[in-house]
Amino acid sequence: MNTSRCDLHVHSTASVGNDEWYTRLFGCPESYADPVRQYDLCKTRGMTLVTLTDHDTIAGGLQLVDRPDFFLSEEVTTAFPENDCVMHVLVWNITPSQHEEIQARRRDIYRLCDYLNSRKIAHGLAHPLLSPNWRLDTPTFEKALLLFPVLEGINGLTDRRIEQDLTTIVDRLTPAAIQDLSRKHGISPFGATPHRKAMTAGSDDHVHRRCGTVYTELDGVGLTPGDFIAGCMSGAARAVGTQAHLHTMALTIQNTSYHFLKPREVGTKTFRNPFVEMVDLLGGRSTGEPGGGGLGDFLSSMKVSLARTSVPLGHASDLLKIPIDGADEADARVVDGISQLSNKVIERALEEIIDAAQDFDLYRIFGALRDIASGLVTTAPLFFAADHFGRQEQQVR
């Protein structure tokens, strides 16, 4: 390999923020990925340099700073003060003192950009067509084009159906277009050639499955973090990888949900979360016994429903098993397995309601209603993923 590679957008357990409604609803952190494991997986997957870009913190990265091929970075949550449009800015190869200065300015994107450019700190706009609070409009995006010479061209968690939109916009930028935008918004553009954007790539991985599979590549071996980042900022690097399929987003949410909910079952004998119980059943870890109350009854329904599917139990259907490569295929298999079993649980419950209603059997009706509710709970992460991708496409339009 005659190149240097780095996934410039990776998260760990230090990313405790919850920008999305799904994580806000449950007070759930965004990642349960161990920093050391993220580092090891990036190296296994061919990265010559490694960084972490946790939300507004370098706590995860500080566990790895003793490694010569690691450098500190973060993903900064900032906003346009005129409309509170939240954007994320990736800041690379920083010091702890620079992190403190960045955090002191992050509430105002203009102050943040002034500081980063005045100190020549490498940075780029993460997922430029996506605002976490969905307030990105045309004028705000035009301002972003003036503020950022570097854009994240490929993000491993954004909808791949909109992959070409950013490329199309950037390819059509000209010096005259930048001048027009500058006059329109009263903002002097940053960068030596502001119509030519340098492009980076990162997996935006939160769950160990994709770190090091979407990355930025630069010709040359043995590059230091400083040399590598300088090459990226100059536009000499290549963005490698693809954006996400719906399965990618769904499995990320499922994985985070499982790790959030599983510890809350400790000491509980009569009830366990239906989603956790389904994941454990499919992964071959189920410990519940049918017929023992809330848990056992739903477990019985799942086992009966499982016979109506072609889903295998064990490694192939286990979302906790981390693929070293081939994440697309593995993600699709796991998400499809959960979806198949959820569908069959609900389908069987509806049949049960019809049969029980004919016999006026209220006990069976209530049991079937419980299974429908539990089945819907298990599909919630997939619904959120679909909602998120739908909003992405709508915002881009």
Side-chain angles (χ1 to χ4, degrees), residues 1-16 29-55 57-75 90-94 96 99 154-157 200-218 221-229 232 237 239-242 244 248 251-256 258-260 262-263 283 285 315-316 318-331 333-334:
M1 183 172 63
N2 297 318
T3 61
S4 295
R5 297 174 177 177
C6 185
D7 182 343
L8 290 176
H9 194 160
V10 183
H11 293 277
S12 76
T13 50
S15 285
V16 297
E30 289 193 353
S31 176
Y32 286 87
D34 177 68
V36 176
R37 182 70 169 135
Q38 288 289 67
Y39 172 89
D40 291 340
L41 285 167
C42 281
K43 297 300 292 183
T44 299
R45 291 166 180 163
M47 299 300 100
T48 56
L49 295 168
V50 181
T51 194
L52 293 179
T53 54
D54 286 311
H55 289 293
T57 180
I58 56 172
L62 289 175
Q63 300 180 40
L64 301 167
V65 290
D66 60 331
R67 307 179 188 217
D69 54 2
F70 180 85
F71 56 94
L72 283 177
S73 305
E74 65 179 312
E75 184 174 14
L90 296 165
V91 183
W92 300 292
N93 201 24
I94 59 174
H99 159 70
I154 302 176
N155 176 285
L157 269 189
T200 66
S203 64
D204 203 356
D205 180 71
H206 291 67
V207 296
H208 291 316
R209 299 182 73 87
R210 292 183 170 272
C211 60
T213 64
V214 180
Y215 55 89
T216 309
E217 182 178 63
L218 189 66
V221 296
L223 297 181
T224 66
D227 290 339
F228 180 85
I229 293 299
C232 294
V240 180
T242 59
T248 312
L251 194 137
T252 296
I253 299 165
Q254 289 169 341
N255 189 292
T256 301
Y258 179 88
H259 282 93
F260 175 71
K262 181 69 174 179
R285 291 182 301 277
H315 183 98
D318 190 0
L319 67 79
L320 300 186
K321 298 300 181 183
I322 301 170
I324 299 303
D325 51 22
D328 273 348
E329 181 180 344
D331 290 355
R333 185 169 57 246
V334 172

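Here the structure is a predicted model, which is why all the values come from computation and not from measurement. Each residue takes its place number in the sequence, starting with 1.
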Could you go through residues 62-69 and list every donor-acceptor pair under 3.5 Å that involves a side-chain atom there, pairing it with any protein atom two or more places apart or in another chain?
{"from": "D69", "atom 1": "OD1", "to": "Y39", "atom 2": "OH", "distance (Å)": "2.8"}
{"from": "D69", "atom 1": "OD2", "to": "Y39", "atom 2": "OH", "distance (Å)": "3.0"}
{"from": "D69", "atom 1": "OD2", "to": "K43", "atom 2": "NZ", "distance (Å)": "2.9"}

When rounded to the nearest 0.5 angstrom, what distance separates [atom1] in [X] from [atom2] in [Y]?
{"X": "K262", "Y": "R285", "atom1": "NZ", "atom2": "CZ", "value": "7.0 Å"}
{"X": "T213", "Y": "D205", "atom1": "OG1", "atom2": "CG", "value": "7.0 Å"}
{"X": "R37", "Y": "C42", "atom1": "CZ", "atom2": "SG", "value": "11.0 Å"}
{"X": "L157", "Y": "T252", "atom1": "CG", "atom2": "OG1", "value": "5.0 Å"}
{"X": "T53", "Y": "W92", "atom1": "OG1", "atom2": "CH2", "value": "9.0 Å"}
{"X": "D227", "Y": "C232", "atom1": "CG", "atom2": "SG", "value": "11.0 Å"}

Determine the minimum heavy-atom distance between [X] and [Y], stating which atoms define it.
{"X": "L72", "Y": "G61", "answer": "CD2-C, 3.6 Å"}
{"X": "S73", "Y": "T51", "answer": "OG-OG1, 2.7 Å"}
{"X": "M47", "Y": "G212", "answer": "CE-O, 3.3 Å"}

Just jot down the side-chain contact (heavy atoms from CB on, under 4.5 Å) partners of [X], sequence neighbours excluded, or say none.
{"X": "T57", "answer": "A14, D54, A59"}
{"X": "V214", "answer": "I154, A201, S203"}
{"X": "A244", "answer": "T248, F389"}

For L8 and L90, run side chain to side chain contact (heavy atoms under 4.5 Å, CB included): C-alpha distance rounded to whole Å, both residues' side-chain angles, the deciding distance at 0.1 Å, then the answer.
CA-CA 8 Å; L8 290 176; L90 296 165; 5.6 Å; no
Less than 4.0 angstrom from a charged side-chain N to a carboxylate O is my criterion; do R210 and D328 meet it?
yes
With side chains defined as the heavy atoms from C-beta onward, is the minimum distance between T256 and S31 less than 4.5 Å?
no
Using the side chain to side chain contact (heavy atoms under 4.5 Å, CB included) rule, take I324 and T44 through it: C-alpha gap first, then chi angles, then the decisive distance, then the call.
CA-CA 8 Å; I324 299 303; T44 299; 3.8 Å; yes
Looking at the rings of H206 and H208, which for Trp means the six-membered one, are their centres under 6.0 Å apart?
no
Would you please name every residue forming a salt bridge (charged side-chain N to carboxylate O under 4.0 Å, His left out) with R45, sequence neighbours left out?
none
Check salt bridge (charged side-chain N to carboxylate O under 4.0 Å, His left out) between E217 and all other residues, then give those that pass, not counting sequence neighbours.
R5, R238
Side chain S15, main chain H55, donor-acceptor under 3.5 Å
yes
Would you confirm whether R333, through its side chain, and A316, through its main-chain N or O, come within 3.5 Å as a donor-acceptor pair?
yes
What verdict does the side-chain hydrogen bond (donor to acceptor under 3.5 Å, both in side chains) test give for E74 and H99, after you've listed the backbone C-alpha separation in whole Å, the side-chain angles of each residue and the deciding distance to 0.1 Å?
CA-CA 8 Å; E74 65 179 312; H99 159 70; 2.9 Å; yes
Given the rule in the side chain to side chain contact (heavy atoms under 4.5 Å, CB included) test, do F71 and T224 qualify, once you have shown the distances and angles that lead to the verdict?
CA-CA 10 Å; F71 56 94; T224 66; over 6 Å; no
Can you list the steps and then say if F228 with T48 is a side chain to side chain contact (heavy atoms under 4.5 Å, CB included)?
CA-CA 10 Å; F228 180 85; T48 56; 5.7 Å; no
